[in-house]
Amino acid sequence: MNSVYVSGLGAVSCVGANREELWKSCLNQKSGIVDGLGKIPLAVREKLSVHPKQNSPLAYATSACREALSQADWKNFNSDDGFILATTTALVSTWDEPLMRFFKEEISQETLMTDFRNEKLGILFDQICDEISFHGRRQLLTTACSAATHALGLATLWLKTGRVKRVLVMGVEVISTLTISGFKSFQLLSDETCRPFNQGRKGINLSDGAAALCLETESTNALAEVAGVGFSTDAYHMTAPHPEGKGSLQAMRSAIHMASILPSDISWVHAHGTGSEHNDLSEGIALERLFEGKPVPVTSTKAIHGHSLAASGALESVLCVQALQNQTVLPTYGLEKIDERLKIQIANEAKLLEIRYVLKNTLGFGGANGALVFKRIEKTA
Amino acid sequence: MIYVIAKGIYEKESLENLFSQGEFRRATRNMGIAYLSMKKCVDTVTLHWEKIQSSLGAVLGTSHGELNATAEFLSELAISNTARPLIFQSSLHNATLGFLAKQFGVTGPTLTVSNLEYSGEEALEAAETLLLSNTISFCLVTCCDLIPEKLSGPFSDMYPPQKNLKEGAATLLLANEKGISEIEGLEPIGNLETLPPKRFSQYDSDYIESLARTF
């Protein structure tokens, strides 16, 4: 099967309009969380290559795409290129409040329809494809918080099986009334900056975010290799992960198996690490079982850029590739005392480390788990 | 080559009995109709089910997903300022497949795809990729969509009358060469060498249903 390389990265988040700002914020521990949310601030919005106007998801997505395409030097798309989008809510932030006003009989159906026509997830996909002139094979995945990790996994399989030669993968999510109210109803939101894996953590920080990665089978300027992908399902509960991390462990083992390596070959783990009670415990137990008493550094960067749901796997994969390039482990912000039930090694400061393989792990509602193994590009003499 | 092992189509049966049982009391109508189509499909291979389950994934194609639950959640929030977590958890597009995975014990990949009228076709393509890469040996591919009760008015504005909108769900059980060769006595009912032309959907995710009716 073909090897798969990452050749371009793009990111828009509450800490910056591009991948470098994201990396530096994570490295220097500058959080973009304000009042428990990671909204993209005006200063960042003004720097984007596309002005948000009324359609923030499109602007964030297009800016991240353009940054990635530029780095990969993809000037045009070919007929054998692919595009996979990951999103949970797409344009919901443009129609959820109008729909609530319609239910309260404050606006007519005719007025509602102006915004409600955006309801299908595929509408945003059409808009992004128009912006970047893409007309090839495409797919929209919506598997909650694992969507972008699944999208990167599926893209890798497309390339390995020769379905396409290049794939643009992107995740995008924008905070909405629907998501804030929904997560609040679960009492999952923290009103302060989240503290993943920390004793006494209070919950998660929802955030805006978009990230894009260019994947291809041949690259003269590869940034990293996607060496392994893993998918699994808990089949346990609609929202809570398996308490012993059974499904998550299966996804990570699958990714490591596909990379033809052993868990001991992994130098660093970028965890899902949302800061929720159940997620951190389940993931922590899965990691403990994966490494069998020989722990490797584990980091969550969500206290810096927040949890952008479906986009999080893409945003954090951008960081994984940057970590490989910089041979640097990123710290977990705000770790004071690790949850005493967890027997994993949390990285709490940035440090230089020889990193050959990075494991990216993700969990999602519906028991959807995903894992990726990124490999450093070895320099030839 | 991708083989079709079994099929199941929701034929407008009553859901009343189903929704009076255990976990189905909290299920959405989407979950109910998709479950019935999947159960019909799985019931035809009960003899081999345990072996099939050991390397099984599932893909669901839906354009509107759980929009009815989303509308219900937002309606209660708007009118009574109440946010109900049980409705929110059912409002995600992948809630349907999360529910089905639990009912049928699917622990391999479960992917939910949603892309307008292409949702069924793309579900099939995602399943093909998982099978051709030998990520799994068997894959349930389901499509379902319905007209949300609370949104029948806006839907009549969104779709022209000639679109003949209706609810529907259908499931195919697919296998790759490895899957077929590993289970003695497992006979395909067809293969996916020739697919129906794209974009002939009468409603958003009926591609799988139309395909299932050809076997």
Side-chain angles (χ1 to χ4, degrees), chain A residues 1 85 88 92 96 99-104 109-110 112-113 116-117 119-123 125-126 137-144 147 150 153-154 157-158 160-161 163 177-178 181-187 229 231-239 246-247 250 254 364-368 370, chain B residues 26 57-58 62-65 67 70-71 73-75 77-79 82-99 101-119 122 125-126 128-130 132-133 135-136 150-151 153-154 157-158 204:
Chain A
M1 283 200 188
L85 176 69
T88 298
V92 74
D96 58 358
L99 186 59
M100 287 170 71
R101 295 184 65 203
F102 173 71
F103 286 136
K104 285 200 280 187
Q109 185 169 308
E110 193 184 351
L112 169 70
M113 291 315 291
F116 191 67
R117 289 188 193 281
E119 175 271 319
K120 295 184 194 183
L121 302 184
I123 301 286
F125 205 3
D126 272 354
R137 182 188 290 258
R138 60 189 231 183
Q139 186 100 69
L140 191 156
L141 288 183
T142 178
T143 42
H150 284 175
L154 192 66
L157 297 180
W158 274 8
K160 282 193 175 290
T161 53
R163 289 198 150 213
T177 302
L178 174 69
S181 310
F183 280 92
K184 200 180 269 183
S185 73
F186 276 112
Q187 299 182 315
V229 304
F231 309 84
S232 77
T233 308
D234 284 351
Y236 168 74
H237 189 270
M238 292 291 285
T239 52
K246 201 175 159 189
Q250 184 188 329
S254 297
F365 275 11
Chain B
R26 291 174 181 175
T62 177
S63 180
H64 294 287
L67 183 58
T70 306
F73 180 83
L74 289 174
S75 168
L77 188 62
I79 294 163
T82 305
R84 290 175 53 192
L86 285 177
I87 303 179
F88 179 68
Q89 75 177 22
S90 296
S91 73
L92 277 79
H93 276 61
N94 78 319
T96 321
L97 193 51
F99 179 81
K102 196 179 167 207
Q103 302 307 316
F104 292 96
V106 183
T107 56
T110 51
L111 304 178
T112 299
V113 308
S114 177
N115 194 12
L116 312 170
E117 289 86 349
Y118 297 104
S119 302
E122 293 192 2
E125 287 193 336
E128 273 186 314
T129 302
L130 293 170
L132 291 174
S133 61
T135 304
I136 44 174
K150 283 184 175 295
L151 296 169
D157 266 3
M158 196 186 290
D204 279 355

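Order of the sequence lines sets the chain letters (A, B, ...), proteins ahead of strands, with each chain counted from 1. No experiment lies behind these values; they were computed from the predicted model shown.
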Which one of [options] has the most heavy-atom pairs closer than 4.5 Å to chain B?
options: F231(A), F186(A), F183(A); value: F186(A)
options: I123(A), L141(A), L178(A), L99(A); value: L178(A)
options: K160(A), E119(A), M1(A); value: E119(A)
options: D234(A), L154(A), L112(A); value: L154(A)

Could you tell me which residues satisfy side-chain hydrogen bond (donor to acceptor under 3.5 Å, both in side chains) with T177(A), sequence neighbours excluded, listed by chain and number?
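Testing T177(A) for side-chain hydrogen bond (donor to acceptor under 3.5 Å, both in side chains), a comparison that skips the adjacent residues, returns E97(A).
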Heavy-atom closest pair, residues [X] and [Y]:
X: A101(B); Y: A235(A); result: O-CB, 3.5 Å
X: P85(B); Y: S185(A); result: CA-OG, 3.3 Å
X: E122(B); Y: L140(A); result: OE1-N, 3.5 Å
X: T142(A); Y: H93(B); result: CG2-CB, 3.6 Å

Which bit of [X] is near chain B, if near means a heavy-atom gap under 4.5 Å: side chain, backbone, both or neither?
X: F125(A); answer: side chain
X: Q139(A); answer: both
X: Q187(A); answer: neither
X: T161(A); answer: side chain

Largest heavy-atom contact set with chain A, pairs under 4.5 Å, which of [options]:
options: A71(B), G57(B), G65(B), G98(B); value: A71(B)
options: L92(B), T107(B), T96(B), I79(B); value: T107(B)
options: A83(B), S75(B), A58(B); value: S75(B)
options: I87(B), L132(B), V106(B), T82(B); value: V106(B)

Nearest-0.5 Å distance that lies between atom [atom1] in [X] and atom [atom2] in [Y]:
X: M100(A); Y: L77(B); atom1: CE; atom2: CG; value: 3.5 Å
X: F116(A); Y: M158(B); atom1: CZ; atom2: CE; value: 4.5 Å
X: L67(B); Y: L121(A); atom1: CG; atom2: CG; value: 10.0 Å
X: R101(A); Y: L74(B); atom1: CZ; atom2: CG; value: 14.0 Å
X: F365(A); Y: N94(B); atom1: CZ; atom2: CG; value: 9.5 Å

A side-chain contact here means heavy atoms from C-beta on lying under 4.5 Å apart; do [X] and [Y] qualify?
X: H64(B); Y: K120(A); result: yes
X: F88(B); Y: S181(A); result: no
X: T110(B); Y: T143(A); result: no

So which part of [X] gets closer than 4.5 Å to some heavy atom of chain A, the side chain, the backbone, both or neither?
X: F99(B); answer: both
X: A126(B); answer: both
X: R84(B); answer: backbone

Okay, side chain of [X], backbone of [Y]: is any donor-acceptor separation there less than 3.5 Å?
X: D157(B); Y: E110(A); result: no
X: T233(A); Y: P109(B); result: no
X: E125(B); Y: R137(A); result: no

